[in-house]
2 protein chains.
Amino acid sequence: MRERPKIKDIAERAGVSVATVSRALSDSALVTAETRQRIHDLARELNYRPNVSARNLRTRRTMSVLLVVRDVGNPFYLDILKGVEATAREAGYSVLMGNTENDPARETEYFNMLRYGHADGMVLMTGKLPPSGGRNQLPVVVALEMIEGSGLPHVQVDNIAAARGAVEHLIGLGHRRIAHISGPVPEPMSLHRREGYREAMRNAGLDIPEAYEMRGDFLLESGQECCRSLFTLPEPPTALFVGNDEMAYGAVHELRRMGHDVPGDVSVVGFDDLYLSKAFYPPLTTVSQPRTEIGRTAMAMLLKILSGAEINREEPIVLPTVLNIRGSTAPPASNYCMSP
Amino acid sequence: MRERPKIKDIAERAGVSVATVSRALSDSALVTAETRQRIHDLARELNYRPNVSARNLRTRRTMSVLLVVRDVGNPFYLDILKGVEATAREAGYSVLMGNTENDPARETEYFNMLRYGHADGMVLMTGKLPPSGGRNQLPVVVALEMIEGSGLPHVQVDNIAAARGAVEHLIGLGHRRIAHISGPVPEPMSLHRREGYREAMRNAGLDIPEAYEMRGDFLLESGQECCRSLFTLPEPPTALFVGNDEMAYGAVHELRRMGHDVPGDVSVVGFDDLYLSKAFYPPLTTVSQPRTEIGRTAMAMLLKILSGAEINREEPIVLPTVLNIRGSTAPPASNYCMSP
DNA sequence: CTGAAAGCGCTAACAA
DNA sequence: TTGTTAGCGCTTTCAG
C-alpha cells in the first residue's frame, strides 16, 4: 500500500468511483447502505485519513476559528478560552490562538489570516481594531472589550451596572470615603467600570475627591502603587473599588505591607473573580463575570454567522454578573465611621 | 476585479506567467528585481492574498502546530503557551489549541489531526499516550509530563532534584516533621516530586510516618482536604511540602481556617510558582519552573524536527528550577522544635 | 444510485 | 530568467 491512502485507492479496491467513496464517507444518502458500509470498512482497513488541506481548498473553508487576545499569559482569558474551545469543538471547529500583545500590527495580521483563508472566523478580545478595510464583512465576534461603534457583533457584560453594584455594596456597609483604581484609560472597559463607580457615588450623594480616582493598568504592581498613593492622602479612603482582581491583589498586598488590616481598616472589592480569588487572603469580594459562558456565547454567535444566519449586529448580547461577597469587605472601623 | 484575486489575475495584468508571479511573491532569486517589484506592487494594488489551503495542499504542510494540554483552564499552562506561541510565530507557525480533559479518546484525536495533515507537529503536555501505532514517527515533542519509555523527545525539569531541594530548605530551617501532599499517583510528575521528598528525608535521617504522605490531585480542594487530615493526626507535621502551588493555596487556606498561623505554626512549600504566588498571603515559598522557557524550548525542538534535523530523542532536555524562598516558610515554633 | 470530469489556487518539475 | 504543465486530494456538478 502506498504511503498514505487516498480516496482513489479506496475507490480502486472497492471497484467504485472516487465520487462514490467521497459520498459514502460523508454519509450521503445518495449511496446504498451496503456500499457505504463496504467503503467505510475499507477505509478503516486501509487506515484512511482525509487530507484536510485538499478538503479545505475544495470547500473553501477550514473549520477553524481564530481566538485573539491581547495577552495569552493573562489568566483572565482562561475560562473564556475554555468556553470557546468547547463550543468550537462541539461544532467540529478547531481553535487557533492569536496573541496581539497590544500591537496593532499584529491585530491587522490576524485579520489578514481571516482574509487569507487561514481560518473561517474570529473571536476578538482586544480593544483596538485595524483601520477597517471591509472588516465588517468578515465573520468576527467581539467578546468582552467593547469596541465602540465598530459595527461588529459583540458579547459582553454590563460593566457600568456591575461596578455600580459593587460600590453600592460598599456604601451599604457604611463606607463613605471610597476610592477607585481604574484600568488603563481610555479603554471602554476601564471607563465603564469607573462610570459605574461614579454613578453609585453620585446616587448616594457622595463626593469623589479628585485624588480618589487612580489610574492603573490592570497589572498587580499598579494596584500596589495606586494603593500606596491613596494612603498618603490626608484623608485616606476606608474602602477601595479596584478595576480588576489582579490590581486588587496588589492593593491588599500593599495595605498589609503598610500595616492596614483588610477588611478591618480598609475594605477592598475587585472585579473578575479570578481563579484564585476565593483562596486569596482575605477571600476577595469581587464581581464575577460568567467567563466560560462569555466564551461559549461568543463562539455560538460566530457559528451562527458562519452558518449564514442573520444576526443582530447592533444589539450586543449582555450576560449577567454576580457580586461575590467574601471576606475582603466589612463595615468601616468605628473611628472612621461618620454619619452624613 | 473578481471577488478575490488569485495569482492568475496578477499574471494576466503583469503579462507574465503564474509561475513567475509565484516566484516573485516568494522572493525567489530566479526573478528579475524589476519584475519582482512590479508584481509586488500589483499584488498590493489588487489586494492579493494567497490562499493558504491551496498552498498547504501543494506543499503538504500547514505551517501550524498543535499544542495539547489536559486543561486549557489551568493557569499553569499560561506561560508555556506563551513561550510556544512566541517561538512558533517567530518561525511563521500558528498554534492550534488542543484540550484533552484527561480523555484518552481526545488525545488520540489530536494525534489523528497530525495524521490528517491538520497540523505539522505537536507539543504535547499530557501524561498519557494513545496505543502507539507509529506515533513515534510523528513530529511530537513532549513537554513537562514525563512519559516514560515513550521514545518521544521531551523537555522538562528535574522534579526529583527540585523537590529534594525544597524539602532540604525545610529541613535546614529545623523542621523534622515534614509531610507531603502529592499530585495524582501514579503520574510520573507526582511520583518524582514525592521521590525527591523521600530522598531529602532519607538523607537527613528522618522518618516518614505513613500518614504523612497524602495523595491529592493537584486541585485546590484536595490541598484543603489533605491538610485537614494531616492536622487530625496525633503528631501533626510542622511543615508541608505540597506537590503544586494550587494545592498549597488550599492547604494554607485550610490551616488558617483551623487557626494555625503560616509560617508561625506551620511552614508550607509549593511547586510551580504560579502567577499569583508572590501576592498570596503569606507569599508562597515555592519551586519555580522556567515555564516560558519550557514552552520556547519545546517549540524550538519541534521546529528542528520539522526542519528535518536529527535530534537526540533519548536524552531529554532538562531545564533548571529555582527555589523561591518567600514568606510561607520559617523555623518551627520553639515548642515544636526538637533536636534529633 | 453511480460515474466522469472539472476544477479549488497554488507550486515545482521540466523546458525553453 | 521565464513559461508550460502537471498535479496536490478532494468535492460536486452534470449525465447517465
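A donor atom on one side chain and an acceptor atom on the other are found under 3.5 Å apart for A:T62 and A:D120. Checked by atom type, the side-chain pair B:N47/B:R49 shows a donor-acceptor distance below 3.5 Å. Using modelled atom types and a 3.5 Å distance limit, the side chains of B:R55 and A:Y116 yield no donor-acceptor pair.
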Just by protein heavy atoms under 4.0 Å, how would nucleotides 11-16 of chain D read 5' to 3' in B, S and -? BBB---

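Rounded to whole Å, atom P of C:dT11 lies 8 Å from atom CG of B:L25. Atom CE of A:M63 is separated from atom P of D:dC10 by 17 Å (rounded to the nearest Å). Atom pair A:I39:CD1 and D:dC10:P shows a separation of 13 Å (rounding to whole Å applied). Spacing between atom CG of A:L57 and atom C1' of D:dG7 amounts to 12 Å, rounded to whole angstrom units. Whole-Å rounding puts the B:K8 NZ to D:dG3 C1' distance at 15 Å. In this structure, the NZ atom of A:K6 is 7 Å from the C1' atom of D:dG9, given to the nearest Å. Whole-Å rounding puts the B:R36 CZ to D:dT1 P distance at 9 Å. Atom pair B:I10:CD1 and C:dC10:C1' shows a separation of 12 Å (rounding to whole Å applied).
For the pair A:R23 (side chain) and A:S28 (backbone), a donor-acceptor distance under 3.5 Å is absent. Of the possible donor and acceptor atoms, one in the side chain of B:S307 sits under 3.5 Å from a partner among the backbone N and O of B:K304.
A close approach under 4.0 Å does occur between a side-chain nitrogen or oxygen of A:R60 and OP1 or OP2 of C:dG9. Using a 4.0 Å cut-off, some side-chain N or O of A:T35 falls inside it from OP1 or OP2 of C:dT2.
Salt-bridge annotation for A:E109 and A:R115: absent, with no side-chain N of the basic residue lying under 4.0 Å from a carboxylate O of the acidic one. For the pair A:E187 and A:R70, the salt-bridge criterion is met [side-chain N within less than 4.0 Å of a carboxylate O].
Ranked by how close their nearest DNA chain D nucleotide is to the 5' end, B:A29 and B:A54 are led by B:A29.
Nearest nucleotide to the A:V16 side chain, out of D:dG3, C:dG3, D:dC8: C:dG3.
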